[in-house]
Every structure is written in structure tokens, then in C-alpha cells.
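To start, the structure under review is shown below, and the notes come after it.
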Amino acid sequence: MAAFVFTGSQRPPAGWDVTAHLGLATTEVHLASWPAAPDDWPRLVRPTIREVLGLCAALAVATAALDLSNRLAQV
């Protein structure tokens with residue numbers, strides 16, 4: 001199972017330091033950083049959320065394909 005996490009810390013008056021991470025079963029992947037993002041940073045990171053959803057779907061397909069390949073190899 002993957003977890004998509006945003007962390008943010010405010011730096012007045014510079015804005016927010018926002019970081020996106022994807023947590024996987026054995027590691028955590030740094031996806032993106034937005035230093036000094038404006039106060040409306042959720043609008044800024046919305047495309048990354050769509051990309052991560054696509055990445056998670058691709059990982060699910062790849063995992064299923066590997067599982068099938070391993071089952072067929074044992075026959």
C-alpha cells in the first residue's frame with residue numbers, strides 16, 4: 001500500500017515550504033518540493049496529485065503482472 005503525504009511549514013513572509021512524499025512498503029520517495037510556495041499552494045500541487053494517482057495505478061498493474069509471471073513460472 002502506498003501513502004501520499006504533503007508536509008508544509010510556513011515561513012512568513014516568504015510563503016510555505018511544501019514537500020510531497022510517496023511512502024511505499026520498504027521506502028519513501030521524495031516526489032517534489034516547492035520552497036516558498038504562495039498561500040494558495042494546494043492549487044499549485046494539484047497536478048502532482050494527479051500524477052501520483054497515475055503512478056499508483058501503474059505500480060498496481062506492474063505488481064499484478066509480476067505476480068502473474070511468477071505464478072506462471074512455477075507451473
Side-chain angles (χ1 to χ4, degrees):
M1 170 120 186
F4 185 50
V5 178
F6 280 100
T7 57
S9 59
Q10 193 172 18
R11 293 186 324 170
W16 291 80
D17 288 336
V18 180
T19 305
H21 298 272
L22 179 62
L24 302 173
T26 59
T27 190
E28 185 172 288
V29 180
H30 175 260
L31 296 173
S33 292
W34 296 270
D39 283 340
D40 65 344
W41 66 265
R43 185 176 57 84
L44 177 71
V45 302
R46 194 168 293 127
T48 300
I49 294 171
R50 289 189 190 115
E51 291 167 356
V52 169
L53 291 174
L55 176 62
C56 288
L59 287 172
V61 169
T63 300
L66 287 171
D67 288 344
L68 176 61
S69 175
N70 288 335
R71 278 194 308 251
L72 292 174
Q74 292 176 0
V75 172

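The figures that follow rest on heavy atoms only: side chains count, while hydrogens, waters and symmetry mates do not.
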Any donor-acceptor N/O pair, D17 side chain to P35 backbone, under 3.5 Å: no

Flag, side chain of S69 to backbone of A65, donor-acceptor distance under 3.5 Å: no

Non-hydrogen side-chain atoms of L31 and H21 separated by less than 4.5 Å: no

Shortest non-hydrogen contact from A20 toward W34: CB-CZ3, 4.0 Å

Euclidean distance, L66 CG relative to L59 CG, rounded to 0.5 Å: 10.5 Å

Pairwise salt bridge (charged side-chain N to carboxylate O under 4.0 Å, His left out) hits with a residue in residues 22-34, at least two apart: none

Under the salt bridge (charged side-chain N to carboxylate O under 4.0 Å, His left out) test, residues paired with D40 that sit two or more places apart: R43

